[in-house]
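Following: one structure in structure tokens, then a few remarks.
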Amino acid sequence: MVDTDSGWDGRGGRGRRGARDTRGARAADAIPGRRVAVPDRRVALPDNRVAAPDRRTALPGRRVAAVSLVALAALATGCEPGTATGAPEASPPVRPTQAAAPSPTRTAPVTDDAKPRTAPPPPSPSASTAPPAPAPDPTTARPAPEPSTAPPPRVLMRTGSESDRVRELQARLRQIGHFGRNPTGYYGSVTADAVRSFQAKRSLPVTGSTDEVTWQRLLAMTRVPKAAELRPPTERPLAAPDERCLKGRVLCISKNSRTLAWMIDGKVVSAMDVRFGSEYTPTREGVFEVFWKSRDHVSTLYDTPMPYALFFSGGQAVHYSADFAANGYGGASHGCVNVRDKKKVAALFDQVRTGDKVVVYW
């Protein structure tokens, strides 16, 4: 027998569902504000998703109440977090705003107030792109030096001078390694170069002329030359005399040692440096005699002075040469025997007589 009043259809489905629905309706009627006061906790999720209300409450006839619950839940998630009445306290959800969570690749702009007071203000875009201004030239800021009014020092010796003082100058320069030969007393290009070398090493004006300042500096650095330093017999050592030079009065001239020895009966009276002609105008070798003396001779062929000339072979003679005194062995004669010591050749000129023997050999 089936009891139709109990609502049970034998399967138990409708009767239970109906009873459950009835209890749900009574619960909703009895406590109308409970579900509003305690919204579903899924509302406060950090990803701001709004949880849907329990579908079990969305019964026919209560749709308005369900929609109201959803609206209240949406409003609760958009406002500042608070504590619901009758519900345990929960941590307020962090509202993910752009200011609270800035992008890791971008930084907030820094103002001048946030910088230290000692930091300079940031340069403007035009200042950063403009090229730096060139620094002023320190040399242009210096005032121009006033021209010196002091007169230049007086020149004592220069190229072309010839005196005992020039001989002393050469001897003193030789003491300190600036003059590489024996003194001649003539101020030529070799002496001028030696003076330039001395002036340059002592930070003096390099002129090649010996002024008062140069001379005083040289005197302070050297000693008084001895007689052998002022007038040495020759710059080069004398060669062994040829056997033809050992008898009588002989001008013994060696091409090998480039020296002339005035000998009487095998003894050397005086000696001096000499130079000879070039390969195109060689000095003749052999035994000759002095056939003519000319104190102030001038060459008619080359139009050059030949002081104290002692002719022994045609136009070839022993004589003083200013070029030899000035330039040394850098040049050559036209076949004559040049002497660079003027005083020595002058004394020789006075001693030699016409007919004295001349020997030129290697």
Side-chain angles (χ1 to χ4, degrees), residues 160-164 166-167 170-171 179-191 228-239 241-242 245 249-264 268-278 281-285 288-299 302 304-354 356-362:
S161 300
E162 188 173 7
S163 63
D164 286 341
V166 174
R167 188 181 294 273
Q170 294 167 337
F179 191 75
R181 58 187 60 182
N182 286 338
T184 63
Y186 179 79
Y187 203 119
S189 61
V190 176
T191 304
E229 294 177 296
L230 292 172
R231 286 178 171 83
T234 59
E235 181 178 323
R236 301 173 179 276
L238 286 172
D242 187 275
C245 300
R249 298 164 59 91
V250 184
L251 292 174
C252 193
I253 303 171
S254 170
K255 283 188 172 182
N256 185 36
S257 64
R258 293 187 286 187
T259 58
L260 181 154
W262 167 231
M263 301 180 68
I264 299 176
V268 177
V269 178
S270 64
M272 57 205 74
D273 299 323
V274 294
R275 74 177 182 181
F276 307 98
S278 66
T281 56
T283 302
R284 288 183 285 272
E285 301 166 18
F288 311 93
E289 290 183 358
V290 175
F291 65 90
W292 183 34
K293 295 173 60 175
S294 179
R295 183 179 296 272
D296 298 312
H297 188 76
V298 176
S299 172
Y302 300 104
T304 56
M306 298 173 57
Y308 308 107
L310 301 170
F311 288 92
F312 62 88
S313 177
Q316 295 185 356
V318 175
H319 66 88
Y320 169 74
S321 171
D323 181 75
F324 182 29
N327 299 313
Y329 291 98
S333 72
H334 294 99
C336 291
V337 178
N338 292 159
V339 180
R340 63 182 173 188
D341 193 321
K342 193 172 184 179
K343 285 191 173 182
K344 283 188 176 183
V345 73
L348 179 66
F349 183 85
D350 292 336
Q351 297 176 32
V352 173
R353 299 190 294 253
T354 302
D356 287 345
K357 187 165 53 174
V358 178
V359 178
V360 181
Y361 67 101
W362 276 99

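Values below: every heavy atom of this structure, side chains too, minus hydrogens, waters and symmetry copies. Count residues from 1 along the sequence.
- The distance from atom CD of Glu162 to atom OH of Tyr187, rounded to the nearest 0.5 Å, is 14.0 Å.
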- Query: Between Arg340 and Thr184, does a side-chain hydrogen bond (donor to acceptor under 3.5 Å, both in side chains) hold up when you go through it step by step?
  - Reply: CA-CA 7 Å; Arg340 63 182 173 188; Thr184 63; over 6 Å; no
- Do Val345 and His319 pass the side-chain contact (heavy atoms from CB on, under 4.5 Å) test, and can you show the C-alpha distance, the side-chain angles, and the key distance before you say yes or no? CA-CA 7 Å; Val345 73; His319 66 88; 5.9 Å; no
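- With sequence neighbours excluded, the residues forming a ring pair (Phe, Tyr, Trp, His ring centres under 6.0 Å) with Tyr302 are His334, listed by chain and number.
- A pairwise comparison of heavy atoms in Ser313 and Phe291 identifies N-CE2, 3.5 Å as the closest pair.
- Taking the side-chain hydrogen bond (donor to acceptor under 3.5 Å, both in side chains) definition, one finds that His297 meets it with Ser294, sequence neighbours left out.
- Distance alone, capped at 3.5 Å, is enough to place a donor-acceptor pair between the Lys344 side chain and the Ala271 backbone.
- Arg353 has its side chain out of reach of Val290: every pair of non-hydrogen atoms, C-beta onward, lies at least 4.5 Å apart.
- The disulfide bond (SG atoms under 2.5 Å apart) test applied to Cys336 returns no partner, not counting sequence neighbours.
- In this view, Arg249 and Asp356 satisfy the salt bridge (Lys or Arg N to Asp or Glu O under 4.0 Å) rule, not counting sequence neighbours.
- No side-chain heavy atom of Glu285 sits under 4.5 Å from any side-chain heavy atom of Tyr361.
- Partners of Glu289 by salt bridge (Lys or Arg N to Asp or Glu O under 4.0 Å), not counting sequence neighbours: none found.
- Partners of Asp164 according to the salt bridge (Lys or Arg N to Asp or Glu O under 4.0 Å) rule, which considers only residues two or more places apart in sequence or in another chain, are Arg231, Lys343.
- For the salt bridge (Lys or Arg N to Asp or Glu O under 4.0 Å) test, residues two or more places apart in sequence or in another chain that qualify with Arg167 are Asp341.
- Taking each heavy atom of Gly331 and Arg275 in turn, the nearest pair found is C-NH1, 3.3 Å.
- Both the sub-6.0 Å distance and the 45° axial angle are not jointly satisfied by Lys342 relative to the ring of Tyr186.
- Between Ile253 atom CD1 and Leu251 atom CG the span is 5.5 Å, to the nearest 0.5 Å.
- Taking all atoms of both residues into account, the shortest heavy-atom contact from Val339 to Met272 is CG1-SD, 3.6 Å.
- Val269 is linked by a side-chain contact (heavy atoms from CB on, under 4.5 Å) to Trp262, Ile264, Gln351, counting only residues two or more places apart in sequence or in another chain.
- For the ring pair (Phe, Tyr, Trp, His ring centres under 6.0 Å) test, residues two or more places apart in sequence or in another chain that qualify with Phe324 are Tyr329.
- With rounding to the nearest 0.5 Å, the separation of OG in Ser270 from CG in Leu348 is 5.5 Å.
- Under a 3.5 Å cut-off, the side chain of Ser333 and the backbone N or O of Gly277 do form a donor-acceptor pair.
- Scored by the side-chain contact (heavy atoms from CB on, under 4.5 Å) test, Asn327 finds Ser189, Asp323 as partners (sequence neighbours excluded).
- With rounding to the nearest 0.5 Å, the separation of CH2 in Trp292 from CG in Leu310 is 11.5 Å.
- Minimum heavy-atom separation, Gln170 to Thr191: NE2-OG1, 2.9 Å.
- Across all non-hydrogen atoms, the minimal contact from Ala309 to Phe349 is O-CE1, 3.5 Å.
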- Message: Quick one, Gln316 with Thr283, criterion side-chain hydrogen bond (donor to acceptor under 3.5 Å, both in side chains). Give me CA distance, side-chain angles, the key distance, then yes/no.
- Response: CA-CA 8 Å; Gln316 295 185 356; Thr283 302; 5.1 Å; no
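- Considering every non-hydrogen atom in both Ala171 and Leu230, the closest pair reads CB-CD2, 3.8 Å.
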- Message: Checking Arg284 against Phe276 for the side-chain contact (heavy atoms from CB on, under 4.5 Å) test, could you report, in this order, the C-alpha distance in whole Å, the side-chain angles of both residues, the deciding distance, and whether it holds?
- Response: CA-CA 9 Å; Arg284 288 183 285 272; Phe276 307 98; over 6 Å; no
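- A distance of 9.5 Å separates OH in Tyr320 from OH in Tyr308, rounded to the nearest 0.5 Å.
- Lys357 is linked by a side-chain contact (heavy atoms from CB on, under 4.5 Å) to Val250, Val287, Val359, counting only residues two or more places apart in sequence or in another chain.
- Remark: Thr259 engages Thr234, Arg236, Leu238, Ser254, Ser257, Asp273 in a side-chain contact (heavy atoms from CB on, under 4.5 Å) (not counting sequence neighbours).
- Side-chain contact between Val298 and Thr304 is absent, with no heavy-atom pair separated by less than 4.5 Å.
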